[in-house]
Amino acid sequence: MTETLPHQARADLPPQWNPAEVEGELYERWVERGYFTADASSDKPPYTIVIPPPNVTGTLHMGHALDHTLMDSLTRRRRMQGYEVLWLPGMDHAGIATQNVVERELAKEGRSRHDLGREAFVERVWDWKAEYGGRILGQMRRLGDGVDWSRERFTMDEGLSRAVQTIFKRLFDDGLIYRAERIINWCPRCRTALSDIEVEHSEDEGELVSIRYGDGENAIVVATTRAETMLGDTAVAVHPDDERYRHLVGTEVELPLTGRRIPVVADAHVDPEFGTGAVKVTPAHDPNDFEIGQRHDLPSLTVMDERGNITVHGPFEGLDRFEARPAIVAALRQQGRIVAEKRPYVHSVGHCSRCDTVVEPRLSMQWWVKVEPLAKAAGDAVRDGRTTIHPPELAKRYFDWVDDMHDWCISRQLWWGHRIPVWYGPDGEVVCVGPDEQPPTGEGWRQDPDVLDTWFSSGLWPFSTLGWPDRTEDLARFYPTSVLVTGYDILFFWVARMMLFGLYAMDGRQPFDNVFLHGLIRDAQGKKMSKSRGNVIDPLDWLDRYGADALRFTLARGANPGSDMALAEEWAAGSRNFCTKLWNASRFAMMNGATVERAVPERDRLTDADRWILDRLDATVGEVDALFEGFQFAKLCDALYHFTWDEFCDWYLELAKVQIAEGGERAEATRAVLGRVLDVLLRLLHPVIPFVTEVLWTALTGGESLVVAEWPARAGAPADADAERRVIGAQKLITEIRRFRSDQGLKPGQRVAARLVGLAEAEQGGHEAAVRSLARLDAPADGFTASASLEVGLPGGTVVVELDLSGAVDVVAERKRLAKDLAAAEKELAGCEAKLGNPKFTDKAPADVVAKIRDRRDAAAADIDRLRARLAALPEG
RNA sequence: GGGCGCAUAGCUCAGCGGGAGAGCACUCGCCUUACAAGCGAGGGGUCGCAGGUUCGAACCCUGCUGCGCCCA
């Protein structure tokens, strides 16, 4: 701890911790001093995290706050440990979301993007970004995010765009990007294709309508939830083994309303158990039907346009698909073709993850990534341990997905994004253009109008942000990144895609060594937060009211691996209280001369309490270290909370008061111990609650900043088990006296004369002053008359506490307390004896377990004897 | 339909073979010279149900019920 200068701890801290007043200024100072700026040329070991880039249109929500708190804690600790830390911030351009925002803005002016034209529209989006985009970046500062602002990146920036074009070209040349006509997920509102994972399925109420196709003995009934698509039917399919329909296979039926004749085909993929066992086949509007169509060489008939309006058949032409549905059912009913209707019929329906519009499967020409070889490599990187997923249970989910990944549709019919670098020539030429190449010019050449999926560019994030495809110093230094931190819901978006591209672009080197997946934020009842539920908690609100440290501590403390966390106002208040407690305790210690200026004396000059708290501190250092390494944020916060509040504040500070009152060398030694404990404790807490610890620590030590202070190492000295046992004994003695006092209705502040008998035998000879202070007992003076007493069994002996209550003793309360203790002891004795009386137990159980039960039995028996004697001696209540 | 996970104190969750725990909430007493955003003491749980394994099960196994999530 070389940065600690001789310093007289400041005792003039304000009486209250007021985060709002200091957080902003502290943060800006950290940034100005360059603490968060990574130095690629340093010889320290690197530690890198790239932020999962938030959406440029977004603002900070609790999920970000959690994610960022964890990343900030990890990087702050590593920085203190002497790593060259790079935590790289930035945003993605969020193609659909951003385009939606700007189009909505235009709509208010009564214009569409088509009125502006492509170029002007894109310019308009840039303008929007400059003015409104990236509000989240400012909010990150309020959280305290120690990111390297000098390396901030945006997916649409020049460098990252170059990376996109480079990898597109490379994949194209390797045959891993191709163009094909298939059924894709189409959002009729966004009017673009979506990838599979941008579709969210929900159980919705619809209708199941059974329609009779054909007539007479050739009639066949099909069931559908999407009657409107029947206009595009080009076959009816049945299972080849289905006896009911065997005679119809190969024949044709008339498709109602249209008069078209369509074949009945046999296909093994038809489920004979579903509905009537016969299904309509609409190859242009259903992925399964498309497959059937391919197998049977059926035509595909598109009957809807890109807005979801019907494009065929007079009376229905121009109708929206949801208007067309009842209209077509009505028309069929009029012809007597509706055999059955089930309504509501609950079934799974896909929705656009951006705007919630029901997705329309649509046949169209799109660009695809052939994922198989890439996904294989992504799976292998985890299988062979180059990348570790935490918690490990989630690795299975990763494998399941990666090992069965479908080709990825990457083209989007949008204007905002990276335009596909492919040019089509007048004679059907297709040319993919690399970043340093000139696109073909001349009559008839045109560029593909589509842009790439945003995930295509953010999949490059772990290396494009470091300068790839150039061989930059940053890339050499900071890749692979150390850990990716994100919610498990993003596993397929982030982790999988970054793995695919990282391994491909970086010659098999994984984009991250670790993936840490945290849970999702929920409300106090464990329900998902959503605007419609109205249970959203705004982190900025808590930031205002409780401070950044309280928000961070709440989130970190709730972060149990693999499980979601419930949040409620009281949690934040509790964290705020913790910060206040730390503040008050530190201030008190400093007012009493806590110092880091003087070395802590040798063990033999220290009291039991000193040794105990130093040992506990050392154990806590080890615990916190191990928990940090395992991403066990909730547990490490609990360990720190417990040490701070229950051990340091509730016990050591109280014991220190006694030692300081003693004066002289004892007081000086105590001040040194207080200084040491506080110094180390503040360092341990700093990654999670950086603000309050910074103020306290600089006041205590005069050091420059905790941000760049050294992380504590374990002292490693063997713990003093004797001191610990004696301190625990003193705690029990004090608690028992307090309990007696409470039962007897004595006010906490009321001092009572008492005689303590048997302290030495019970190893408490050195603790009399402490016991008297903490239990508020005065020394017996002249005329002392013991009117009540209690006994406390401790290792080594029993302490008898005789008190002069100078008034009536509440015998009823006393009897009640003793009876309760007796009942507990009797239960304990019975339990132990039952075990020991069972020869199978004494034979088979390990010797140490048997010995422990014997000890417990003996202790219980002794307690029972003592308690019975006291009860008998008690006057009648 | 396939897969995964969870059921422990009023609430949110730890514990995962040998004495049922924490935070918050609750009760009682306190402005005891760091802290009422606090201090001291206390109450509260057949650990979802039914079987099984074991000397011993909240913990391991099987089944059931209820809830949640992912994928199709």
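Between Asp403(A) atom CG and rG3(B) atom P there is a gap of 17 Å when expressed in whole angstrom units. Distance, Gln632(A) CD to rG15(B) C1': 13 Å, rounded to whole Å.
The phosphate of rA36(B) has neither OP1 nor OP2 within less than 4.0 Å of any side-chain N or O from Thr580(A). Contact annotation: Tyr488(A) side-chain N/O to rG68(B) OP1/OP2 distance is not under 4.0 Å. When the side-chain nitrogen and oxygen atoms of Lys657(A) are compared with OP1 and OP2 of rA34(B), one or more of them lie within a distance under 4.0 Å. In this model, the phosphate group of rG42(B) is approached by a side-chain N or O of Arg739(A) to a distance below 4.0 Å at OP1 or OP2. Taking only side-chain nitrogens and oxygens, Trp645(A) comes nearer than 4.0 Å to OP1 or OP2 of rC39(B). Here Asn584(A) does not reach the OP1 or OP2 of rG38(B): none of its side-chain N or O atoms lies under 4.0 Å away. When the side-chain nitrogen and oxygen atoms of Lys747(A) are compared with OP1 and OP2 of rG29(B), none of them lie within a distance under 4.0 Å. Note on Arg856(A): a side-chain N or O is less than 4.0 Å away from OP1 or OP2 of rG19(B).
Applying the Watson-Crick and G-U wobble criteria (two distances, each under 3.5 Å), rG68(B) pairs with rC4(B). Pair assignment for rG19(B) gives none, since no Watson-Crick or G-U wobble pairing has each distance under 3.5 Å. Across every strand in view, rG43(B) sits unpaired, with no contact that passes the Watson-Crick or G-U test at under 3.5 angstrom. Pair check for rG38(B) finds rC30(B); Watson-Crick or G-U wobble, both atom distances under 3.5 Å.
If you run ring-ring contact (aromatic ring centres under 6.0 Å, His included) between His390(A) and each of Phe631(A), Phe516(A), Phe633(A), only Phe631(A) comes through.
Relative orientation of the Phe578(A) and Phe553(A) rings is parallel, given thresholds of 30° and 60° on the angle between their planes.
One C1' atom belongs to rC70(B), the other to rC11(B), and the distance between them is 27 Å to the nearest Å.
Between the side chain of Arg576(A) and the base of rA37(B), a donor-acceptor pair under 3.5 Å is found. In the interface, the side chain of Lys581(A) is paired with the base of rC35(B) through a donor and an acceptor atom under 3.5 Å apart. For a distance-only test at 3.5 Å, the side chain of Glu654(A) qualifies as a donor-acceptor partner of the base of rA34(B).
Counting only N and O atoms by type, the side chains of Asn577(A) and Tyr546(A) include no donor and acceptor under 3.5 Å apart. Under 3.5 Å, the side chains of Asp610(A) and Gln659(A) contain a donor-acceptor pair of N or O atoms. A donor-acceptor contact closer than 3.5 angstrom links the side chains of Asp679(A) and Trp697(A).
Put simply, the side chain of Arg856(A) never gets that close to the backbone of Ala851(A): no donor and acceptor are under 3.5 Å apart. In terms of modelled atom types and a separation under 3.5 Å, the side chain of Arg497(A) and the main chain of Trp455(A) share no donor-acceptor contact.
For the segment residues 820-828 of chain A, the set of residues with a heavy atom within less than 4.0 Å of an atom of RNA chain B comprises Lys820(A), Glu828(A), in numerical order.
Within 4.0 Å of Leu653(A), counting heavy atoms only, lies at least one base atom of the nucleic acid. Within the nucleic acid shown, Tyr641(A) comes within 4.0 Å of sugar-phosphate atoms alone, with no base atom in reach, counting heavy atoms only. Asn838(A) comes within 4.0 angstrom of the backbone, heavy atoms only, and of no base.
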